[in-house]
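If you're wondering where the values come from, they're calculated on a predicted model, not measured in any experiment.
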Amino acid sequence: VMFWIADKEAFVTSDEFGQDLEHVEVLQKKFDEFQKDLQNHEDKVSEVNTLAEQLITDGHPEEDTIRQKQDEVNEAWKRLRQLSLLRQERLYGAHEIQRFNRDADETIAWIQEKDVVLSSDDYGRDLASVQTLQRKHEGVERDLAALEEKV
């Protein structure tokens with residue numbers, strides 16, 4: 001159990017939080033798998049505690065060593081669970097930041113696209129082309145109003 005805990009501690013203390021939204025989501029999926037694994041190993045920790053208590057109850061001559069190992073396992077387990085919660089919070093934060101970055105990039109690209117349309121020197125050559133440009137402009141205004149709520 002201690003070897004498994006030590007191995008998983010290395011995983012949850014990783015400073016890797018992803019360079020973009022997709023990478024963060026991959027890390028989150030790996031973390032979700034880790035969480036399942038963590039839950040499955042809770043039984044093993046309980047088994048260690050049960051066995052330790054049984055050995056002590058039966059009067060095993062190495063009671064001090066057993067208690068020491070039991071405490072070591074329980075402390076390591078507690079530390080792993082705390083590190084797991086911290087990792088979960090950090091991944092959530094990284095996800096929020098990357099989602100914001102993606103939304104901001106998309107919004108900037110949209111604004112630049114509409115800026116090109118609005119900066120045109122084409123005012124129409126006849127009634128039909130002026131009406132077409134007015135419809136495009138009204139569409140841009142509607143899109144802008146919708147975007148304003150998002151921003």
Side-chain angles (χ1 to χ4, degrees), residues 1-120 132-151:
V1 174
M2 287 300 294
F3 292 117
W4 183 86
I5 290 174
D7 180 52
K8 296 308 174 183
E9 268 189 33
F11 173 76
V12 295
T13 56
S14 170
D15 288 335
E16 184 180 17
F17 295 103
Q19 302 303 317
D20 56 28
L21 186 60
E22 290 76 22
H23 190 204
V24 172
E25 288 173 348
V26 167
L27 292 174
Q28 183 63 51
K29 285 180 184 175
K30 287 180 183 177
F31 183 75
D32 291 344
E33 290 300 315
F34 160 78
Q35 290 281 62
K36 291 176 189 172
D37 203 17
L38 185 67
Q39 215 160 14
N40 291 337
H41 274 76
E42 194 162 8
D43 291 341
K44 292 185 188 228
V45 173
S46 294
E47 287 174 21
V48 167
N49 283 315
T50 301
L51 182 58
E53 293 303 323
Q54 184 63 45
L55 289 170
I56 292 167
T57 301
D58 291 347
H60 196 283
E62 296 291 327
E63 179 179 343
D64 290 341
T65 304
I66 293 169
R67 285 221 186 271
Q68 182 183 2
K69 280 293 184 186
Q70 182 183 20
D71 290 345
E72 186 181 331
V73 167
N74 287 326
E75 284 300 314
W77 181 251
K78 181 180 174 183
R79 185 175 57 248
L80 180 62
R81 298 207 26 107
Q82 289 171 339
L83 289 170
S84 172
L85 289 173
L86 182 60
R87 176 78 176 165
Q88 185 175 25
E89 290 170 7
R90 288 181 173 173
L91 280 173
Y92 176 77
H95 188 270
E96 291 299 302
I97 288 168
Q98 294 300 336
R99 193 174 72 197
F100 169 79
N101 287 340
R102 183 204 57 202
D103 290 350
D105 289 344
E106 288 175 359
T107 302
I108 289 168
W110 183 88
I111 290 170
Q112 290 170 341
E113 176 187 316
K114 297 307 175 189
D115 188 43
V116 169
V117 171
L118 294 173
S119 299
S120 173
T132 300
L133 288 171
Q134 281 181 320
R135 281 193 297 276
K136 282 184 182 179
H137 185 78
E138 289 168 358
V140 169
E141 285 181 342
R142 280 191 304 276
D143 291 347
L144 190 57
L147 181 65
E148 186 175 29
E149 292 176 17
K150 184 178 178 183
V151 173

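Closest approach of Val24 to Gly18, counting heavy atoms only: CG2-CA, 3.9 Å. What you find for Ser84 and Gln35 is that their closest heavy atoms are OG-OE1, 3.0 Å. Scanning both residues, Glu16 and Leu27, for their nearest heavy atoms gives O-CD1, 3.6 Å. Taking all atoms of both residues into account, the shortest heavy-atom contact from Phe34 to Phe11 is CB-CE2, 3.5 Å. Of all the heavy atoms in Trp4 and Leu80, the pair that sits closest is CZ3-CD2, 3.7 Å.
Taken to the nearest 0.5 Å, the CG atom of Leu21 stands 11.0 Å off from the CG atom of Asp105. Here Leu55 contributes atom CG and Thr65 contributes atom OG1; the two are 11.5 Å apart, rounded to the nearest 0.5 Å. For the atom pair NE2 (His137) and CG (Leu133), the distance works out to 10.5 Å, reported to the nearest 0.5 Å. Note that the CD atom of Gln98 and the CG atom of Asn101 stand 5.0 Å from one another [nearest 0.5 Å]. Note that OG of Ser46 and CG of Leu51 are 12.5 Å apart. Values are rounded to the nearest 0.5 Å.
Between Lys44 and Glu47, no side-chain nitrogen of the basic residue sits less than 4.0 Å from a carboxylate oxygen of the acidic one, so the salt-bridge criterion is not met. A salt bridge does not link Glu138 to Arg135: none of the charged side-chain nitrogens sits closer than 4.0 Å to a carboxylate oxygen.
Not a single donor-acceptor pair under 3.5 Å links the side chain of Ser14 to the backbone N or O of Ala10. When atom types are taken as modelled, the side chain of His95 and the backbone of Leu91 share no donor-acceptor pair closer than 3.5 angstrom.
Just one of Arg81, Lys78, Arg79 meets the salt bridge (Lys or Arg N to Asp or Glu O under 4.0 Å) condition when paired with Glu9; it is Arg79.
Contact check for Leu86 versus Val12: no side-chain heavy atoms found under the 4.5 Å cut-off. For the pair Phe17/His23, no side-chain contact is recorded, criterion being any heavy-atom separation below 4.5 Å from C-beta on. Counting only heavy atoms from C-beta outward, the side chains of Leu38 and Trp77 approach each other to under 4.5 Å. Taking the side chain as every heavy atom from C-beta outward, Ile66 and His60 approach each other to under 4.5 Å. Counting only heavy atoms from C-beta outward, the side chains of Ile97 and Tyr92 never approach each other to under 4.5 Å.
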(request) Give the intermediate values and the outcome of salt bridge (Lys or Arg N to Asp or Glu O under 4.0 Å) for residues Glu96 and Arg99. (result) CA-CA 5 Å; Glu96 291 299 302; Arg99 193 174 72 197; 3.1 Å; yes

(request) Please test Glu33 against Lys30 for salt bridge (Lys or Arg N to Asp or Glu O under 4.0 Å), starting from the C-alpha separation and ending with a verdict. (result) CA-CA 5 Å; Glu33 290 300 315; Lys30 287 180 183 177; over 6 Å; no

(message) Working note: Glu72 + Glu75, criterion side chain to side chain contact (heavy atoms under 4.5 Å, CB included); need CA distance, chi angles, decisive distance, verdict.
(response) CA-CA 5 Å; Glu72 186 181 331; Glu75 284 300 314; over 6 Å; no

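By the side chain to side chain contact (heavy atoms under 4.5 Å, CB included) test, Arg67 pairs with Glu53, Ile56, Glu63, Gln70, sequence neighbours left out.
Side-chain atoms of Gln28 and Asp32 form a donor-acceptor pair, as typed in the model, at a separation below 3.5 Å.
More than 12 heavy atoms of other residues, nucleotides or ligands shown are found within 6.0 angstrom of NZ on Lys114.
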